[in-house]
Protein chains: 2
Amino acid sequence: MTEASGHEGQPSPPTPRVRLVDVAREAGLSKTTVSAALNGTGRLSPAVRERARETARRMGYRPNATARHLRAGRARLIGYVVGGAPDALWTYLESPYFARLTGATAATSLLRGYAVVLLPAGTLQGEWSDLSLDGVIVADPVAGDTVIEDLLAAGIPVFSDRSVEGRFGASWVDVDAEGAVAEALDHLREQGARRPVLVVPDIATRFHVEVEAAHRAWCAAHGLPELAVRVAESGNGPVVRAVETVLDTPDGAERPDALLVVAEASPPLVLEAARRYGYEVPDDLLVVLVSEDATALYTDPPVTTLSLRPEAVAEAGVEHLVAVLEHGRREPAGTLVPTRLDVRASSVRSGRVE
Amino acid sequence: MTEASGHEGQPSPPTPRVRLVDVAREAGLSKTTVSAALNGTGRLSPAVRERARETARRMGYRPNATARHLRAGRARLIGYVVGGAPDALWTYLESPYFARLTGATAATSLLRGYAVVLLPAGTLQGEWSDLSLDGVIVADPVAGDTVIEDLLAAGIPVFSDRSVEGRFGASWVDVDAEGAVAEALDHLREQGARRPVLVVPDIATRFHVEVEAAHRAWCAAHGLPELAVRVAESGNGPVVRAVETVLDTPDGAERPDALLVVAEASPPLVLEAARRYGYEVPDDLLVVLVSEDATALYTDPPVTTLSLRPEAVAEAGVEHLVAVLEHGRREPAGTLVPTRLDVRASSVRSGRVE
DNA sequence: TATTGGTGCGGGAACGTTCCCGCACAAGAC
DNA sequence: GTCTTGTGCGGGAACGTTCCCGCACCAATA
């Protein structure tokens, strides 16, 4: 360190970073005074304050964040992890919903003064142990995952979905699955659908479990047949195939007249599948997709989507977590985020969008 | 643990977190010894080592990461920022390329023992000042952005594209734009294209600037007309509209016979646009998209894509940055990542995929 | 002139680790 | 029995901040 490698080409000083004491010495002040000057605290004469600031600026002083954190007892860092299969640790980002959830989480956190650390799905607790996280946001945990237990046991505040309700130091936000299903199905029914089919992924995420239950209840309440298909895998391929099995009815059998796809799927691909099987959208088939995919706006016809409002979810989540972190709020708290149906031509029988 | 809160409900002891000295006192050892025992260092008798470990386990000791970082002089934290307009700070995640780049960056970093912090685009330097970042990865910086200068001035190692070449403490990775353009255009020409049109975003990202230059050179070298359209805005809407202006030729004018879309666009939407204007793909129009969008596999016909291989870019990037951080490697270093053309039916004239 | 009250600044501990030492003791060599 | 070498453990400084104090000084009051 002391002796920079001799020959070199563009040898830079190994920059033994300037500390607070260096500034103090240079300015002929104590570190206490300089610290107060830079932070705008303490009782200092304007002259001294300015001298300290000027010296710090001149020397290129940049405070050591780690030391601050140690002193402050927290690092203003929150972890962000998406529950899910350990074999698909990072692919969640490719889903528009999680892309927006992730971005919104980072943005909101930053506004509140916290930075977001990306963590891998699955319970790799060991990996995080040398990260100083003030709290962790667990998005869409799968049932049976132990991450949350581990974190709470470690005394780290957690923010997740309703499954953590009542747990100490945990708060939650959830998407209103029941309202979502009702909103979408009511809309389809108003538009004349009598045989709407639900396509839903076969995973243990709380939201999807609730969607199935809500669908069952709705069908019973409205006296319509309970038509549903479960998709074993995620991704466009499996979902589109599932849609095809729904549309490919044997001759003479009753055809579905509406589709509510809750699995993440590309809007144009779903439309394409419908056309392949001879359906005209929206005349033969009303289509509603639960999706944040922006391509829904640009298809022909544009596709009605049900947004889970990831930005709202993220905001509520960060807000709750920060409340716990800052004010030590300890009462369990939660938010239920309503969904938003964006009606477009694909689900309006008359072809007329309000 | 000592006295569990009596009546229970959800009152937790405010948990005055157990420190190393607490464990030491409890075990009748010194903190030095306990530290050595837990870290597997030092010369200790097996008995003492086990006693320390057992006590720590029993007391639920979790080392304070911040203190470690202060001692170690680094926090094992890497910042990750995507250059771009400050008005679209986070939307980059919705692009498949950046989604995968981001995921791969996080994954690779974690393997190397570093965690990744999501940073907002734009030069909000102030925001990061109380983050202890060991280094920063700047993906696709726009020309004229000062983030990199600021970081280097602050002595923080930076990893970015070739624009940082030669800068001290910086290393780079770049996508082989010239090779990419050549590969795609050669392929289209082999398939019989004589009037291929390039659609490229009108932004100052290094890659896109190089693409335009490479296209110009290629056209000149092969004696084909230099047909190109610049898209002012990003997003599916503008790109599709640009494609439409290309396809909407006045009667009698020569029609394009191939499309090379470098802007991020949804494959099915591009195909749909082609059909709207009466082109049969691939018979009337060969289509190649520079995209990581997985929907390209599921369209009819499947769309040929040119992958920029975000995972490879991320790996090279993290590797270089870590090399600087760990071994203080100071010689400028860089990697040029070759692209990969995935030929599918949309660009094969005969309709036959090899 | 003594007493009070306020202002301006510095000394030093603390945050929780790691790691360089040094000390005590035991065992082997002569 | 002394001298060396080695083993097992602990004391204490250091990482770079912030913040609680206390001390000196000055002005105003009695």
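Computed from a predicted structure; not experimentally measured.
In this model, no side-chain donor or acceptor of Thr66(B) finds a partner on the base of dG16(C) within 3.5 Å. Looking at Arg43(A), its side chain comes within 3.5 Å of the base of dG8(C) through a donor and an acceptor atom. Judged by distance alone, with hydrogens and angles left aside, Lys31(A) brings no side-chain donor or acceptor close enough to the base of dG11(C) to form a pair under 3.5 Å. Taking 3.5 Å as the limit, the base of dC19(C) and the side chain of Thr32(B) contain a donor-acceptor pair of atoms between them.
Taking the nucleotide of DNA chain D with the nearest heavy atom to each of Ala72(B) and Pro46(B), the more 5' of the two is matched to Pro46(B). Toward the 5' end of DNA chain D, the nearer of the two residues Val48(B) and Ala67(B), judged by each one's closest nucleotide, is Val48(B). Mapped onto DNA chain C by nearest heavy atom, Val34(A) and Asn64(B) fall at different nucleotides, with Val34(A) at the one closer to the 5' end.
Of the candidate nucleotides dG10(C), dT17(C), dC9(D), dC9(D) has the atom nearest to the side chain of Ser45(B). Comparing dT17(D), dG10(C), dC9(D) by their nearest atom to the side chain of Ser30(A) picks out dG10(C). Of the candidates dT18(C), dT18(D), dG10(D), the closest approach to any side-chain atom of Leu20(B) belongs to dT18(C). In this structure, the nucleotide among dG16(D), dT18(C), dT18(D) sitting nearest to the side chain of Arg71(B) is dT18(C).
Rounded to a whole Å, the CZ atom of Arg25(A) is 15 Å from the C1' atom of dG10(C). Taking atom CG of residue Asp22(A) and atom P of nucleotide dG16(D), one finds them 9 Å apart after rounding to whole Å. Rounding to whole angstrom units, NE2 of residue His69(B) and C1' of dA14(D) are separated by 17 Å. Atom CZ of Arg49(A) and atom P of dC9(C) are 9 Å apart (whole Å). Per the geometry, CG belonging to Asn39(B) stands 11 Å off C1' belonging to dC19(C), to the nearest Å. With rounding to whole Å, Leu70(B) atom CG is found 9 Å from dT17(D) atom P. Remark: P of dC9(D) and CG of Leu44(B) are 6 Å apart, rounded to the nearest angstrom. Between Arg68(A) atom CZ and dT18(D) atom P the separation is 5 Å, expressed in whole Å.
Closest non-hydrogen pair, Ala115(A) versus Leu110(A), comes out as CA-CD1, 3.8 Å.
Checked for salt-bridge contact, Arg112(B) and Glu326(B) miss the test: no charged N lies under 4.0 Å from a carboxylate O. In summary, Arg51(B) and Glu54(B) do not engage in a salt bridge, as defined by a charged side-chain N under 4.0 Å from a carboxylate O. Salt-bridge check for Arg206(B) with Asp174(B): passed, with a basic side-chain N closer than 4.0 Å to an acidic carboxylate O.
Although no hydrogens or angles enter the test, the distance criterion places no donor-acceptor pair under 3.5 Å between the side chain of Arg76(A) and the main chain of Leu131(B).
The shortest distance between the side-chain N/O atoms of Thr33(A) and the OP1/OP2 oxygens of dC9(C) is not below 4.0 Å.
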